[in-house]
Undergrad: 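Mind having a look at this structure? Questions to follow.
These numbers were taken from a predicted model, which means no experiment stands behind them.
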Amino acid sequence: MSEKDLRRYSRVVVDGDEQAPSRAMLRAVGFKEEDFQRPQIGIASTWSMVTPCNMHIGDLAQEAVKGVDEAGGKGVIFNTISVSDGISMGTPGMRYSLVSREIIADSIEAVTGAEGFDGVVAIGGCDKNMPACVMAMARLNRPSVFVYGGTIRPGAGRRDIVSVFEAVGARAGGSMSAEELLEVEQTAIPGPGACGGMYTANTMASAIEALGMSLGNSSAQEAVSSDKVADCRRAGEAVLKLIQEDIKPLDIMTRDAFENAITVVIALGGSTNAVLHLLAIAREADVDLSLDDFTRIGARTPVLADLKPSGKYLMSELIEIGGIQPLMKRMLDKGFLHGDCMTVSGMSLAENLAGVADYPKGQDIIRDFDTPIKADSHLSILYGNLAPEGAVAKITGKEGLHFEGSARVFHSEEAALQAILDNRIKAGDVIVIRYEGPKGAPGMREMLSPTGAIMGKGLGEDVALITDGRFSGGSHGFVVGHVTPEAAVGGPIALLEDGDRIRIDADSKTIDVHVDDATMAARRAEWKRPASPVTRGALAKYRSAVSSASEGAVTIPPAWDE
């Protein structure tokens with residue numbers, strides 16, 4: 001490949017007399033004469049002091065630059081935003097969480113496109129910036145590598161952020177003192193890194209690695225570790241190799257690669273948010289992926305990892321025994337994965353896994369295939385008269401596979417949470433939280449505060465919760481989210497009333513309300529969408545453009561000529 005081909009985009013910006021002004025600007029930020037002849041690699045950093053998930057990523061970005069520069073490129077760091085789900089959870093600020101995914105993807109696209117970078121290394125460390133980075137890579141289709149910022153180390157007593165949310169419920173239920181709650185609060189988050197269980201961050205890191213867009217074991221390294229520093233260096237080197245071999249994201253993110261990602265998410269017992277984010281990434285990559293693919297793949301894929309929130313272990317403990325690579329090797333050998341998929345290493349998945357050693361004998365974090373935690377997926381795509389376009393349940397089997405109860409209907413997360421804390425929720429209730437969907441909130445808030453309070457109150461086996469919003473990866477219990485159509489567009493969930501009988505069945509993959517069609521039609525005739533206080537700004541723009549959760553809640557407009 002010629003030098004000009006290696007600089008396919010940057011040469012437009014820096015070559016020729018007419019681009020002297022561009023070069024003058026770049027000299028001021030540290031470019032030397034020889035740098036203009038090197039491929040320029042944008043290092044998209046999600047560093048900020050907003051959250052511990054991202055507080056260390058500035059240093060990791062510098063390591064990625066070193067990898068790029070040592071491999072013959074010119075690394076250029078730029079930042080994008082991040083918002084903290086853990087901090088905004090249970091507040092109106094959480095409406096911005098999913099919205100930030102689109103803002104981050106847009107910003108990476110904008111900077112890379114404007115500056116003429118020949119490749120991208122993106123480093124993400126929290127729930128929304130990770131899929132956002134890969135969405136931008138799909139749009140740009142320039143050689144790219146994603147780096148996970150890494151998981152947090154456990155707090156005292158193997159605590160994490162979910163421990164704090166559940167402690168709030170325990171305090172409200174009278175089983176924990178104020179002093180004990182403070183002690184949990186003070187010790188749960190010891191430093192940098194993403195939330196420590198198989199919650200959304202670790203789920204998406206694993207999915208992105210299985211998709212082929214990260215180097216091997218990037219998903220299974222602690223945030224503060226020599227392994228993570230080396231991962232960033234290797235990513236910088238790898239993107240230059242991808243440029244030389246002309247391997248681009250759309251060569252990697254094929255339908256088979258998405259099937260690999262779904263399979264690994266299920267085996268790990270991952271977050272329901274993976275459904276939303278993988279659908280969105282696939283849409284950006286123009287890959288035909290739907291909710292039904294999760295059902296089809298889930299029917300043949302067991303849950304093998306005993307990881308929090310519903311399991312026992314933390315990500316740091318999985319790292320100690322080898323991370324997800326031995327699991328992927330086992331699954332490849334059993335025929336669960338497509339081994340011929342290309343990856344950012346420049347090799348196939350099978351080639352990457354060829355030399356991976358198995359887990360040590362005696363470990364019980366990853367089960368054998370003949371003794372799974374669940375024989376099929378914990379992610380159940382449900383349909384029925386309450387969710388004609390689908391809903392996503394996270395049911396490991398520990399909660400049971402069926403639930404029938406009486407609706408307790410709330411128009412917001414705050415109202416439901418207060419009812420839980422005030423002991424107004426009883427065994428047999430189905431908590432319904434509506435007007436929290438992509439358009440309704442707007443922003444599709446996560447429901448970790450209510451689910452954490454339910455568990456802390458000891459009601460985890462006695463109540464169910466359904467919503468047109470979504471759940472944190474830390475949520476567990478009998479929960480169903482992403483109910484579509486959402487309430488704000490007049491979906492059936494908008495027509496529910498207190499006392500309606502609701503049945504959720506993970507075996508038959510159904511969710512139904514036992515109210516006759518004539519009654520529902522009469523309610524629909526009376527229904528009016530509640531007024532929204534959101535009239536301008538990012539939330540209003542998002543509401544006008546966002547698609548259904550069953551399509552990934554993306555904001556991709558129709559083609560110009562449609």
Undergrad: Give, for atom CG of Asp59 and atom CH2 of Trp47, the distance between the pair rounded to the nearest 0.5 Å.
TA: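 CH2 of Trp47 is found 10.0 Å from CG of Asp59.
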Undergrad: Given side chains that start at C-beta, do those of Leu60 and Cys232 come closer than 4.5 Å, heavy atoms only?
TA: yes
Undergrad: With distance as the sole test, does Ser175 use its side chain to make a donor-acceptor pair with the main-chain N or O of Ala170 at under 3.5 Å?
TA: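 Yes, the answer is positive, given that a donor and an acceptor are paired below the 3.5 Å cut-off.
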Undergrad: Distance only, no hydrogens: is a donor on one side chain within 3.5 Å (strictly under) of an acceptor on the other, for Asn202 and Tyr148?
TA: yes
Undergrad: What I'd like to find out is whether the side chain of Ile281 reaches to under 4.5 Å of the side chain of Met135, using heavy atoms alone.
TA: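 Answer yes - side chains close enough.
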Undergrad: What's the spacing between Thr51 OG1 and Asn129 CG if we round to 0.5 Å?
TA: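 Going from OG1 on Thr51 over to CG on Asn129, the span is 9.0 Å.
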Undergrad: According to ring pair (Phe, Tyr, Trp, His ring centres under 6.0 Å), does anything in residues 423-459 pair up with another residue at least two apart or in another chain? List the pairs.
TA: His411-Tyr435
Undergrad: For the residue pair Ser163 and Asp160, confirm or rule out a side-chain donor-acceptor distance under 3.5 Å.
TA: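 Ser163 vs Asp160: donor-acceptor pair found between side chains.
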Undergrad: So which heavy atom on Met444 is nearest to which on Ala549, and how close?
TA: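 Nearest pair, atom of Met444 first, then Ala549: CE-CB, 3.5 Å.
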Undergrad: Would Arg101 and Asp127 pass as an ion pair if we require N to O under 4.0 Å?
TA: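 So Arg101 does not pair with Asp127 through a salt bridge.
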Undergrad: Under the side-chain contact (heavy atoms from CB on, under 4.5 Å) rule, what do Leu496 and Ile502 come out as? Steps first, then yes or no, please.
TA: CA-CA 10 Å; Leu496 295 179; Ile502 294 172; 4.0 Å; yes
Undergrad: For Glu222 and Ile319, work out which heavy atoms get closest and say how close.
TA: N-CD1, 3.7 Å
Undergrad: Report yes or no: does Lys228 contribute a side-chain atom to a donor-acceptor pair with the main-chain N or O of Ser218 at less than 3.5 Å?
TA: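 Side chain of Lys228 to backbone of Ser218, a donor-acceptor pair under 3.5 Å: yes, one is there.
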Undergrad: Show the numbers, then the answer: is there a side-chain contact (heavy atoms from CB on, under 4.5 Å) between Glu413 and Glu446?
TA: CA-CA 9 Å; Glu413 176 186 2; Glu446 290 181 346; over 6 Å; no
Undergrad: Go through it in stages, so that I can follow the logic: the residues are Arg501 and Ser406, the test is side-chain contact (heavy atoms from CB on, under 4.5 Å), and I'd like the CA-CA distance, side-chain angles, deciding distance and then a yes or no.
TA: CA-CA 5 Å; Arg501 297 294 291 178; Ser406 298; 3.1 Å; yes
Undergrad: Within the 4.5 Å heavy-atom criterion, are Pro92 and Glu414 side-chain neighbours or not?
TA: yes
Undergrad: What distance do Glu63 atom CD and Ile43 atom CD1 have between them, rounded to the nearest 0.5 Å?
TA: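 Separation between the atoms: 11.5 Å.
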Undergrad: For Arg470 and Thr272, which I'm curious about, is there any donor-acceptor pair between the side chains at under 3.5 Å?
TA: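 Per modelled atom types, Arg470 and Thr272 side chains form no pair under 3.5 Å.
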Undergrad: Which atoms form the tightest heavy-atom contact between Met176 and Ala167, and what is the distance?
TA: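 Minimum heavy-atom contact is SD-CB, 3.6 Å.
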Undergrad: To check you understand the geometry: which heavy-atom pair defines the closest contact between Cys126 and Cys53, and what is its length?
TA: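 Closest heavy-atom pair between Cys126 and Cys53: SG-SG, 3.6 Å.
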Undergrad: Does a side-chain heavy-atom distance below 4.5 Å link Leu459 with Asp429?
TA: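 They are not in side-chain contact.
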Undergrad: Establish, from distance only, whether the side-chain atoms of Ser547 and Arg283 form a donor-acceptor pair under 3.5 Å.
TA: no
Undergrad: Mind listing the closest non-hydrogen atom pair of Val134 and Met213 along with its distance?
TA: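 It is CG1-CG, 4.3 Å.
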Undergrad: Give a yes or no on whether the backbone of Ile123 and the side-chain of Thr46 come within a donor-acceptor separation of less than 3.5 Å.
TA: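 Pair found, side chain donor or acceptor close to backbone of Ile123.
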Undergrad: Keeping the roles fixed (side chain from Lys394, backbone from Val479), state whether a donor-acceptor pair exists under 3.5 Å.
TA: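 The answer is no, because no donor-acceptor pair under 3.5 Å joins these two groups.
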Undergrad: Considering only heavy atoms from C-beta outward, does the side chain of Val430 approach that of Phe478 to under 4.5 Å?
TA: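 No, side chains not in contact.
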Undergrad: At their closest point, which heavy atom of Gln325 faces which heavy atom of Gly216, and how far apart are they?
TA: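 Between these two residues, the closest heavy atoms are NE2-CA, 3.6 Å.
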Undergrad: Is it true that, when you exclude Glu404 itself, more than 12 heavy atoms of the residues, nucleotides or ligands shown sit nearer than 6.0 Å to its CD?
TA: yes
Undergrad: Holding to salt bridge (charged side-chain N to carboxylate O under 4.0 Å, His left out), I want the full list of residues that pass it with Glu109, two or more places apart in sequence or in another chain.
TA: Arg139
Undergrad: Would a 4.5 Å heavy-atom cut-off, applied to side chains only, mark Val409 and Glu497 as touching?
TA: no
Undergrad: Less than 4.5 Å apart, side chain to side chain, heavy atoms only: is that true for Ser100 and Ile81?
TA: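 Sidechains of Ile81 and Ser100: in contact.
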Undergrad: Applying side-chain contact (heavy atoms from CB on, under 4.5 Å), run through His402 and Ile395 and close with a yes or a no.
TA: CA-CA 10 Å; His402 321 92; Ile395 301 174; over 6 Å; no
Undergrad: Could you go step by step and tell me if Asn423 and Lys457 meet the side-chain hydrogen bond (donor to acceptor under 3.5 Å, both in side chains) rule?
TA: CA-CA 9 Å; Asn423 299 315; Lys457 284 272 193 177; 2.4 Å; yes
Undergrad: Rounded to the nearest 0.5 Å, what separates atom CE in Met455 from atom CD in Glu166?
TA: 6.0 Å
Undergrad: What distance do Ser449 atom OG and Gln418 atom CD have between them, rounded to the nearest 0.5 Å?
TA: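 Going from the OG atom of Ser449 to the CD atom of Gln418 covers 11.5 Å.
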Undergrad: Scan the side chains in residues 303-315 for donor-acceptor partners under 3.5 Å anywhere in the protein, sequence neighbours excluded, and list what turns up.
TA:
| from | atom 1 | to | atom 2 | distance (Å) |
| --- | --- | --- | --- | --- |
| Asp306 | OD1 | Lys312 | N | 3.1 |
| Lys308 | NZ | Arg158 | O | 3.4 |
| Tyr313 | OH | Asp364 | OD1 | 2.5 |
| Tyr313 | OH | Asp364 | OD2 | 3.1 |

Undergrad: Report yes or no: does His482 contribute a side-chain atom to a donor-acceptor pair with the main-chain N or O of Ser550 at less than 3.5 Å?
TA: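 The answer is no, because no donor-acceptor pair under 3.5 Å joins these two groups.
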Undergrad: Looking at Ala487, is its backbone amide N or carbonyl O close enough to the side chain of Asp468 to form a donor-acceptor pair, meaning the two atoms are under 3.5 Å apart?
TA: yes
Undergrad: Closer than 3.5 angstrom, by distance alone: can the side chain of Ser532 be matched with the main-chain N or O of Val534 as a donor-acceptor pair?
TA: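 Yes: the side chain of Ser532 pairs with the backbone of Val534.
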Undergrad: With a 3.5 Å distance limit and no angle check, can you tell me whether Thr371 reaches the backbone of Arg367 through a side-chain donor-acceptor pair?
TA: no
Undergrad: Please tell me if the side chains of Met137 and Glu284 come closer than 4.5 Å, counting only heavy atoms from C-beta onward.
TA: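 With C-beta onward as the side chain, the pair stays apart.
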Undergrad: Quiz question: by atom type and distance under 3.5 Å, do the side chains of Glu320 and Gln363 form a donor-acceptor pair?
TA: no
Undergrad: Test your reading of the model: is there a side-chain donor-acceptor pair from Thr451 to the backbone of Leu448, 3.5 Å cut-off?
TA: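 Flag set: sc Thr451 to bb Leu448 pair under 3.5 Å.
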Undergrad: State whether Asp231 and Arg233 are salt-bridged, where the test is any N-O pair (Lys NZ or Arg NE/NH1/NH2 against Asp/Glu carboxylate O) under 4.0 Å.
TA: no
Undergrad: State which residues pass ring-ring contact (aromatic ring centres under 6.0 Å, His included) with Phe471; sequence neighbours excluded, sorted by chain then number.
TA: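 Phe471: no ring-ring contact (aromatic ring centres under 6.0 Å, His included) contacts found.
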Undergrad: Can you list everything that forms a ring-ring contact (aromatic ring centres under 6.0 Å, His included) with Phe294? Sequence neighbours excluded, please.
TA: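 Residues passing ring-ring contact (aromatic ring centres under 6.0 Å, His included) with Phe294: none at all.
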Undergrad: Closer than 3.5 angstrom, by distance alone: can the side chain of Lys128 be matched with the main-chain N or O of Leu98 as a donor-acceptor pair?
TA: no
Undergrad: Working to the nearest 0.5 Å, report the span between CG of Leu291 and OG1 of Thr484.
TA: 7.0 Å
Undergrad: Decide yes or no on side-chain hydrogen bond (donor to acceptor under 3.5 Å, both in side chains) for Glu436 and Thr467, but give the supporting numbers first.
TA: CA-CA 7 Å; Glu436 292 286 9; Thr467 180; over 6 Å; no
Undergrad: Go through the steps to decide whether Thr203 and Ser271 satisfy the test side-chain hydrogen bond (donor to acceptor under 3.5 Å, both in side chains), and finish with yes or no.
TA: CA-CA 6 Å; Thr203 297; Ser271 167; 5.1 Å; no
Undergrad: So, using side chain to side chain contact (heavy atoms under 4.5 Å, CB included) as the criterion, who are the partners of Val224 when residues are at least two apart?
TA: Arg153, Pro192
